[in-house]
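Here's the structure, in structure tokens; my notes come after.
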Amino acid sequence: MKKDIEELQDVVIRFAGDSGDGMQLTGTQFTKTTAVLGNDIATLPDYPSEIRAPQGSLAGVSAFQINFSSRDIRTPGDDPNVLVAMNPAALKTSLKDLVEGGILVINEDAFNAQNLAKAGYATNPLEDSALSRYLVYRIPITTMTVSALKDSGISKKEMDRSRNFFALGLMFWLFQRPMDITVEWIRKKFSKDKNIAEANVLALTAGYNYGENAEVIKKHYRIAPAKNVPGTYRNITGNEAAALGFLTAAKLANTPLFYGSYPITPASDILHELSKHKNFGVLTLQAEDEIAAMGATIGASFAGLMALTGTSGPGLSLKSEAMGLAVMTELPMVIANVQRGGPSTGLPTKTEQSDLLQAMYGRHSECPLAVVAPATSADCFQMAVEAFRIAVKFMTPVIYLSDGYLANGTEPWRIPEIDSLPKIEVKHPTDPASFKPYARDEKTLSRPWAIPGTPGLEHRIGGLEKLNIQGTVSHDPANHDVMMHLRAEKIERIADHIPLQEVFGKPEGKVLVVGWGGTYGAITSAVEELQKEYSVSSIHIRYLNPFPKNLGEILSKFETIIVPELNLGQLAHLLRAKYLVEAISFPKVQGQPFKIREIIDGIKKIMETKGGSSWKI
Amino acid sequence: MKKDIEELQDVVIRFAGDSGDGMQLTGTQFTKTTAVLGNDIATLPDYPSEIRAPQGSLAGVSAFQINFSSRDIRTPGDDPNVLVAMNPAALKTSLKDLVEGGILVINEDAFNAQNLAKAGYATNPLEDSALSRYLVYRIPITTMTVSALKDSGISKKEMDRSRNFFALGLMFWLFQRPMDITVEWIRKKFSKDKNIAEANVLALTAGYNYGENAEVIKKHYRIAPAKNVPGTYRNITGNEAAALGFLTAAKLANTPLFYGSYPITPASDILHELSKHKNFGVLTLQAEDEIAAMGATIGASFAGLMALTGTSGPGLSLKSEAMGLAVMTELPMVIANVQRGGPSTGLPTKTEQSDLLQAMYGRHSECPLAVVAPATSADCFQMAVEAFRIAVKFMTPVIYLSDGYLANGTEPWRIPEIDSLPKIEVKHPTDPASFKPYARDEKTLSRPWAIPGTPGLEHRIGGLEKLNIQGTVSHDPANHDVMMHLRAEKIERIADHIPLQEVFGKPEGKVLVVGWGGTYGAITSAVEELQKEYSVSSIHIRYLNPFPKNLGEILSKFETIIVPELNLGQLAHLLRAKYLVEAISFPKVQGQPFKIREIIDGIKKIMETKGGSSWKI
Amino acid sequence: MEDLKNLPTLTRKDFVSSQEVRWCPGCGDYSILAQAQKTMADMGIPREKFVVVSGIGCSSRMPYYVNTYGFHTIHGRAPTVATGIKVANPDLNVWVVTGDGDSLSIGGNHTLHALRKNIDLKILLFNNQIYGLTKGQYSPTSELGKKTKSSPYGSVDYPLSPLSFAAGAGATFIARTLASDPVHMGEVMGQAAKHRGVAFVEILQNCVIFNDNAYGELTEKETRPERILQLEQGKPLVFGKDRKKGIRLNGLTPEIVELGDDVKESDLLVHDAGRAGLNYAFLLAEMESPFPIPIGIFHREDRPTLDQMIHAQVAQARKALGEGDLMKVFRSGEVWEVA
Amino acid sequence: MEDLKNLPTLTRKDFVSSQEVRWCPGCGDYSILAQAQKTMADMGIPREKFVVVSGIGCSSRMPYYVNTYGFHTIHGRAPTVATGIKVANPDLNVWVVTGDGDSLSIGGNHTLHALRKNIDLKILLFNNQIYGLTKGQYSPTSELGKKTKSSPYGSVDYPLSPLSFAAGAGATFIARTLASDPVHMGEVMGQAAKHRGVAFVEILQNCVIFNDNAYGELTEKETRPERILQLEQGKPLVFGKDRKKGIRLNGLTPEIVELGDDVKESDLLVHDAGRAGLNYAFLLAEMESPFPIPIGIFHREDRPTLDQMIHAQVAQARKALGEGDLMKVFRSGEVWEVA
Ligand SMILES: Cc1ncc(C[n+]2csc(CCOP(=O)(O)OP(=O)(O)O)c2C)c(N)n1
Ligand SMILES: Cc1ncc(C[n+]2csc(CCOP(=O)(O)OP(=O)(O)O)c2C)c(N)n1
Ligand code: SF4
Ligand code: SF4
Ligand SMILES: [Mg+2]
Ligand SMILES: [Mg+2]
């Protein structure tokens with residue numbers, strides 16, 4: 001049966017099912033193929049904090065959303081156009097997001113009394129008018145999978161498990177994607193059990209063929225490739241990008257990487273990734289806790305390595321004291337913090353941007369250090385390199401502030417040519433005659449990085465206040481004053497060595513939307529939309545301490561400053577304190593990223609209260 | 001020999017000597033007697049961080065300064081009028097502070113070649129013109145003590161040790177103080193060794209008689225009693241006052257006090273003091289570290305006690321993570337932080353006010369709690385009570401921010417009548433029918449304090465986000481939003497239950513000087529002085545989070561706002577962010593308190609740059 | 001919140017909370033939960049007197065499922081919060097639930113000090129030799145060379161024996177049991193519950209998802225008799241399918257012997273958890289392959305607990321000095337009047 | 001900074017830094033410092049290869065006085081920083097200097113894991129049974145009932161035996177010595193220095209200010225022979241003024257016996273620090289009054305160290321996979337070209 005083909009610009013699909021339904025895998029496979037087809041993509045995995053939440057329960061729903069497009073996109077999409085619901089609980093949690101008229105693919109088999117009850121449905125939504133506003137495809141996915149696999153030689157239970165491949169095959173058909181990449185992947189993944197491998201391939205094909213043949217499905221869709229910057233691309237999560245960025249920084253500095261860490265969601269994947277790359281000379285240490293990880297990182301830095309530690313909120317809190325030691329000893333290192341919902345244990349698997357003020361002030365006394373934050377999953381690579389560049393140049397700890405959304409989300413990453421990246425210059429003094437542990441570079445104010453093993457440079461450092469230049473312990477009041485100011489000034493001077501802030505839109509106007517971190521996509525898309533009607537620009541700050549030098553200047557060119565953040569106004573607070581501008585906070589604290597629409601609506605509302613109807617262009 | 005008597009208004013004496021010279025004891029005894037005479041007093045001990053720094057070295061100098069007066073005073077005095085220097089090192093470190101024409105009492109015996117070398121004197125300052133600007137009394141204190149004690153039956157070494165009593169006796173004579181209080185104290189203190197006791201009394205008397213008889217000393221001085229508010233007074237350090245305040249709060253709440261702590265300078269004395277008072281039912285726990293102390297404090301609060309922990313900067317950093325748990329579980333407790341010089345180990349025995357931003361933001365995510373800070377050593381009592389009053393009423397952790405200067409310094413404390421203090425109302429629900437763990441009081445938003453052991457109220461709390469009202473674990477996005485705002489709002493509402501900010505001076509004008517914590521005395525004295533010429537007022541904020549409700553209003557009534565702080569501008573930062581006022585920071589970070597003169601000069605300078613010459617009144 | 005039924009005799013059901021249990025199907029934690037609930041019910045103490053305190057980890061979710069007071073604290077810190085509760089109110093029966101990472105990695109120091117100080121806590125350590133909640137990194141009890149997400153080349157850490165550690169800390173009750181053996185587990189927990197002082201119980205628990213079958217040899221019917229040494233008070237250390245093997249002491253070194261003509265039961269080491277000193281407990285705790293793994297109560301000893309001593313000091317101070325009088329303390333030292 | 005004299009043979013003086021030593025006169029720390037400097041000089045390793053890492057406490061000031069690289073870290077965390085240094089550069093000789101509070105109270109967890117993981121660190125624990133630097137609170141090694149500033153009614157904490165703790169952690173070198181016995185201390189330190197792996201040395205040190213004479217019995221001429229049991233490799237455990245007393249094993253329990261007609265030296269326990277397993281070391285570590293206090297090397301054992309194993313894995317990975325190629329890693333997984 002030949003079916004119609006409709007050309008679309010972009011589509012958002014959400015795969016939703018029970019934790020056991022393999023939705024993350026399904027989503028990932030769809031993403032891969034779509035990426036290779038050349039669409040621009042962004043993805044958002046969303047899974048429960050329990051390892052295996054009760055089967056069929058609302059808490060056990062695992063979802064994976066992908067936005068793919070023929071144009072440049074920046075977020076995984078506000079609301080799905082297509083929802084694949086593998087059970088009632090998935091339908092219940094996701095239906096509210098599906099756009100009106102959207103496609104709803106349902107695994108009918110899972111809608112039995114037991115599952116309906118677990119999802120809290122009093123009546124079967126398939127049997128009343130609840131779904132009338134959508135284009136519903138009710139498919140007995142489990143049954144069809146099992147019947148397709150009846151001769152595959154695997155058990156009934158294993159057949160059941162293949163149902164997600166059926167769903168994936170159907171989606172491949174629906175959006176005109178080839179199956180070969182996934183087929184290859186399946187054969188490799190299940191190479192130990194050929195039967196399973198072939199059964200999964202069969203299920204995939206069955207789903208595809210179902211689309212081709214079933215009467216109910218009338219048409220499918222095509223999404224042309226996007227016009228991305230030329231180059232070689234791969235899909236990457238923020239954590240992978242960060243890990244590769246740190247690896248790259250070490251390479252650029254021609255110095256081995258040390259990673260000391262204690263596992264914690266959503267940062268653990270950096271540890272997992274880096275511990276694979278031992279043949280790069282990466283030394284990974286799974287420490288007994290975050291304090292130990294921080295201490296070991298300080299030690300590794302003292303010994304001359306590119307020293308890195310990584311954690312999330314609760315771990316950052318624990319590192320506070322030792323970070324003070326890092327500041328006092330003025331050693332270079334990077335502290336990666338992948339933010340999650342808090343306070344305390346909070347919402348450990350959800351995203352938030354609420355550790356900014358802690359990054360700035362979360363240590364006793366005056367304890368300044370540099371802070372950078374990537375804007376997108378792919379940008380995690382670059383900011384990881386930047387973090388080390390600053391650390392080494394200024395002999396300072398640098399906090400790299402990522403978040404759960406960036407860390408787990410994926411987007412295409414244009415693979416850089418390693419030779420095109422600027423080297424990170426590492427200098428270790430060797431001349432005893434001229435060596436003073438706390439001598440200062442005139443420009444950067446950084447002290448020399450003398451490492452143990454160097455003859456004649458034996459010296460002692462530590463947490464007590466240091467005599468400037470000499471580096472011995474000093475209780476001298478005037479020296480303390482000097483050192484407090486030097487430490488602060490050193491961080492300020494970094495501003496001379498980072499890019500100026502760029503503005504998205506006109507460099508002056510009525511409204512400036514200011515963001516940082518993982519909200520980049522949503523804010524920029526929202527502002528792009530608003531710019532059609534209003535005088536709105538935006539900036540996205542990736543260097544948070546110090547701020548880019550031209551930031552104050554930019555802020556002064558707008559009448560209203562709005563700061564959308566996944567916290568209660570932390571960047572707004574910093575801007576207000578530093579520039580005395582009335583930065584208006586537009587907060588969201590729901591453990592979820594911003595939707596583009598939320599930002600558009602939010603900004604419009606603020607503009608209204610400010611009399612902004614006259615701000616139309 | 002009858003000598004002249006001169007009437008003085010106030011005098012600042014500094015006793016300075018080697019750590020082994022007993023200067024702290026000498027100062028304390030002089031203080032006691034002076035207090036009982038009814039002078040207003042303030043003291044400042046200053047000792048090395050080493051237990052026993054090398055004898056005779058500059059690092060080993062221990063000093064004790066007392067300011068006493070017939071009028072109201074607020075600081076231990078900028079510069080001594082009288083310096084007792086027991087050795088060359090003491091002279092070297094303190095001479096620069098002695099006012100021109102001041103009295104200099106020197107223990108000539110200690111000025112031998114060895115001690116001079118240790119103090120870094122190339123020539124003996126007694127033998128050149130170095131001291132010509134002072135009224136110098138060179139006294140062979142050691143020799144005279146030894147000769148006075150030759151029949152006392154104690155060893156030469158012990159005789160030597162009595163020399164500080166000789167110096168004290170001389171000061172008693174010089175300022176017309178009776179010896180009886182010290183004599184009584186000596187006899188009690190050395191009751192186990194009568195010989196030593198009587199020898200010390202003899203040394204004291206010898207010093208007194210020396211003053212009376214020696215030709216060189218021409219006159220002595222009288223300082224009339226101050227006109228203090230009527231009542232019973234005692235002299236008290238900030239740490240003692242805090243400990244008694246916490247004890248009192250427990251009494252007012254009719255609930256036992258729990259104190260969990262790990263020793264750290266300068267907070268340990270709170271532990272020492274509280275562990276003496278077991279007959280009040282105080283439970284003290286010396287924990288294995290600060291994290292354990294914090295955890296135990298949370299546990300004790302859950303179990304229904306007045307739960308308190310105490311520490312200094314590095315310990316506060318370590319408590320960060322567990323404080324998040326305290327915020328999430330909304331349990332009442334007080335975290336006393338006695339600030340010291342940082343960052344890291346910093347200057348552990350010196351004072352600083354640099355943990356304010358950490359108190360505000362030093363935890364991951366949005367983690368608001370209340371912050372109060374005493375203004376004087378005696379005020380430590382009241383703010384300790386206040387901290388618990390707020391904690392219990394609002395079911396929140398409260399940080400009590402003291403500092404080394406307040407903690408170790410002393411001043412007269414008017415002893416309150418316990419019955420006159422308002423009770424702290426403690427309510428524990430008992431009715432299972434109406435109990436919901438996170439139900440909220442309409443006014444305060446606080447949740448009920450249900451304690452284990454209560455039948456029918458069994459419930460579970462913890463660090464994961466809580467469902468409002470019910471208190472069960474919730475990952476619901478909307479609920480997280482609600483809870484984030486509720487936790488913030490609850491702290492804001494405390495502002496309805498604390499006193500309005502008072503202004504020292506006119507309620508509007510040109511310059512407002514804003515302070516907090518231990519700088520009260522210096523700022524207020526400086527402003528009092530400036531008010532003679534300029535339109536200057538001051539406020540001293542004791543409630544730092546939330547701020548008093550009228551703070552914004554007050555700030556708006558002045559043209560220039562100046563914030564002197566022993567940090568790099570932390571309160572200024574908060575005022576700027578919250579009120580968008582150009583608060584000008586006047587920082588000092590030398591591990592030392594402000595001098596009155598420094599503040600006067602600093603404010604004048606800022607006024608000048610602001611064109612403030614026209615601000616004279 | 002909870003039912004108010006405070007019946008004189010309680011059953012396990014009374015200790016089941018309304019919260020849905022959310023461990024993976026097949027997880028060893030279920031059976032531990034059931035035995036803990038049963039043990040509490042059997043203690044004859046009303047529900048409201050129990051507090052179950054945990055850290056973070058799969059295991060640490062347990063408090064939600066027990067219908068008593070509960071505190072799901074933060075990673076590694078359960079002993080500290082539990083200490084505060086117990087010291088504040090010694091009348092409460094305080095349990096600590098923890099994992100191998102929670103108690104021995106991040107929380108090692110608090111576990112050490114709770115054991116050393118003999119705080120009257122019942123500590124259940126769910127040892128699955130893996131970090132479950134964070135999805136499968138090696139833990140301090142994982143074997144050397146173990147391949148996990150964070151050790152793709154094999155772990156380079158030597159494992160800690162939780163019970164050797166406990167002996168080193170001077171614990172007063174040391175025991176081990178198996179989550180897969182509810183009867184044994186119930187008995188051990190019952191004894192732990194009765195102990196007045198810190199009771200440290202290592203429970204070998206299977207994580208089906210990230211470390212399945214870690215204890216396969218110890219739990220499977222065929223291999224179990226050879227691999228498990230079940231300790232029985234007053235009985236010689238005998239094991240093996242036909243109970244024909246035993247443990248004999250050679251100086252300070254245990255050795256496996258075949259019972260028979262040469263070796264009699266009377267030559268064997270006899271189990272006595274009440275021996276003075278911790279040498280015997282340590283010896284048992286150090287036994288690892290090729291030795292069978294001992295389960296049961298290694299050591300028990302009565303000593304005043306920290307909470308008792310703290311309160312005894314308060315009582316003693318009150319007796320000696322009378323109930324504290326604030327005004328007297330205020331007026332201590334030199335005072336003066338201003339009129 | 002420091003002289004560049006890098007003579008082939010070094011003496012203690014070469015390890016004396018320019019910083020003035022600032023302990024109280026009479027403090028036991030001086031003699032430890034001297035022996036440490038001497039031991040380093042004797043090792044035949046150039047000065048720049050040493051790193052001395054400490055926490056916070058009186059003892060922890062030592063790095064300033066040793067003319068090598070040094071790191072005076074923060075309270076309790078010396079093992080973590082030392083671990084980072086050693087793992088980063090195994091070629092360095094890393095010493096940890098710590099106090100009883102630093103290593104066993106706040107730093108207990110890091111000490112535990114450094115011992116367990118057999119990180120090649122030489123740990124000198126200055127045990128004065130008190131917090132010196134903070135002016136006299138009881139420590140985890142202070143005796144029960146001790147009256148200090150923070151325990152005016154007597155401490156309610158049972159003391160920890162540092163060496164039992166080390167045995168429980170599985171340390172590969174366990175020893176004890178006395179600060180007042182420079183010769184013995186020098187020997188023990190020398191052996192510790194030679195050990196490849198973690199070496200844990202408890203040094204009984206007198207704090208003249210806050211806990212004077214804590215070890216009076218062990219150090220004074222008259223009482224010392226009765227109170228000290230000096231361990232000598234291969235020799236029976238004999239002590240007492242006339243060396244007429246010995247330690248015999250009764251099952252697992254040591255007992256004091258008088259040598260004479262009934263009891264021969266051959267009946268006594270013979271010292272062997274190299275015994276397999278830690279039971280013997282634990283037994284020695286648990287010996288307290290009325291037993292004499294053992295000093296010497298309790299246990300030593302060769303095992304790969306953490307730092308070795310980490311670097312071995314790197315070497316192995318490089319061998320198996322070749323030196324890492326970034327571009328290859330960048331391009332792993334699906335890639336596509338946009339033209
Ligand atoms: C401060 C902090 N660090 C890390 C984590 C992440 N984390 C949660 S549980 C856990 C380990 C769990 O292992 P275990 O204690 O053995 O418990 P299990 O899940 O195996 O029962 C880790 C590392 C955290 N929640 N908090
Ligand atoms: C985080 C932190 N907590 C507390 C302190 C205070 N402190 C410094 S040293 C010390 C204990 C010292 O005792 P010990 O380790 O036995 O060393 P000693 O001084 O006896 O040699 C304490 C509690 C600190 N510096 N940092
Ligand atoms: S991950 Fe393992 S330990 Fe955690 S619930 Fe699942 S089976 Fe149990
Ligand atoms: S206080 Fe004690 S340990 Fe510290 S330096 Fe003085 S004598 Fe030594
Ligand atoms: Mg585990
Ligand atoms: Mg000590």
Side-chain angles (χ1 to χ4, degrees), chain A residues 48-49 59 291 312-314 316-318 320-321 323-325 327-329 339 341-350 352 354-355 357-358 360-367 462-465 475 477-478 480-481 484-485 487-488 567-568 573-574 576-578 580-582 588-592, chain B residues 48-49 59 291 312-314 316-318 320-321 323-325 327-329 339 341-350 352 354-355 357-358 360-367 462-465 475 477-478 480-481 484-485 487-488 567-568 573-574 576-578 580-582 588-592:
Chain A
S49 59
I291 299 175
S312 183
L316 190 67
S317 286
L318 285 170
S320 306
E321 194 210 1
M323 285 166 65
L325 180 64
V327 168
M328 187 62 109
T329 52
Q339 299 163 96
S344 195
T345 315
L347 296 173
T349 60
K350 307 294 176 191
E352 210 159 271
S354 49
D355 298 349
L357 289 178
Q358 179 180 42
M360 293 292 296
Y361 305 116
R363 297 160 293 281
H364 62 281
S365 190
E366 299 286 345
C367 196
L464 286 166
E465 183 60 285
H475 290 98
H480 184 47
D481 200 289
M484 286 289 242
H485 283 93
R487 285 187 289 261
N567 60 48
L568 295 182
H573 172 99
L574 294 177
R576 291 168 66 95
K578 174 138 195 190
L580 290 179
V581 291
E582 198 205 339
K588 177 178 180 183
V589 278
Q590 306 187 353
Q592 300 289 342
Chain B
S49 60
I291 300 176
S312 183
L316 190 66
S317 286
L318 286 170
S320 305
E321 195 211 0
M323 284 166 65
L325 179 64
V327 168
M328 188 59 110
T329 52
Q339 298 163 97
S344 194
T345 315
L347 297 173
T349 58
K350 307 294 176 191
E352 210 160 272
S354 49
D355 299 348
L357 288 178
Q358 179 180 43
M360 292 292 295
Y361 303 117
R363 297 160 293 282
H364 62 281
S365 190
E366 299 286 344
C367 197
L464 286 165
E465 182 60 285
H475 290 98
H480 184 47
D481 200 288
M484 286 291 241
H485 283 93
R487 284 186 290 261
N567 61 49
L568 295 182
H573 172 98
L574 294 177
R576 291 168 66 96
K578 172 136 197 193
L580 291 178
V581 293
E582 199 207 337
K588 176 178 181 182
V589 277
Q590 306 187 351
Q592 299 289 342

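Naming: A, B, ... by sequence-line order, numbering from 1 per chain. Note: hydrogens, waters and symmetry copies are ignored here, and every other heavy atom, side chains too, is used.
- No other option in N567(A), L316(A), L574(A) has as many heavy-atom pairs under 4.5 Å with chain B as N567(A).
- Within the model, atoms NE2 of H485(B) and CG of L568(A) stand 5.0 Å from one another, a figure rounded to the nearest 0.5 Å.
- Counting heavy atoms from C-beta on, the side chains of L318(A) and M323(A) never come closer than 4.5 Å.
- Judged by distance alone, the side chain of H364(B) and the main-chain N or O of P343(A) form no donor-acceptor pair under 3.5 Å.
- Ranked by heavy-atom pairs under 4.5 Å with chain B, the list V589(A), I291(A), D355(A) is led by V589(A).
- If you measure heavy-atom distances from Q339(B) to chain A, you find no contacts under 4.5 Å at all.
- With chain A as the partner, the residue from G324(B), G591(B), G346(B) showing the most heavy-atom pairs under 4.5 Å is G346(B).
- The candidate from G362(A), P314(A), G342(A) with the greatest count of non-hydrogen atom pairs under 4.5 Å with chain B is P314(A).
- Both the backbone and the side chain of L357(A) come within contact range of chain B, each with at least one heavy atom under 4.5 Å from a heavy atom of that chain.
- The choice from R487(A), R363(A), H480(A) that makes the most heavy-atom pairs within less than 4.5 Å of chain B is H480(A).
- Considering only heavy-atom pairs separated by less than 4.5 Å from chain B, the leading option among K578(A), E465(A), E582(A) is E465(A).
- Between the SG atom in C367(A) and the CD atom in Q358(B) there is a gap of 9.0 Å [rounded to 0.5 Å].
- Take Q592(B) and apply the side-chain contact (heavy atoms from CB on, under 4.5 Å) test, not counting sequence neighbours, and it matches P477(A), D46(B), K350(B), K588(B).
- Both the backbone and the side chain of L325(B) come within less than 4.5 Å of a heavy atom of chain A.
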Under the side chain to side chain contact (heavy atoms under 4.5 Å, CB included) rule, what do T345(A) and E321(B) come out as? Steps first, then yes or no, please. CA-CA 9 Å; T345(A) 315; E321(B) 195 211 0; 6.0 Å; no
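- Of the two parts of M484(A), the backbone and the side chain both hold a non-hydrogen atom closer than 4.5 Å to a non-hydrogen atom of chain B.
- Put simply, CG on L347(B) and CD on Q590(B) are 10.5 Å apart, with the number rounded to the nearest 0.5 Å.
- Of the residues considered (G313(A), S320(A), S344(A)), S344(A) shows the highest number of contacts with chain B, using heavy-atom pairs under 4.5 Å.
- Judged as a salt bridge (Lys or Arg N to Asp or Glu O under 4.0 Å), and not counting sequence neighbours, E366(B) has no contacts.
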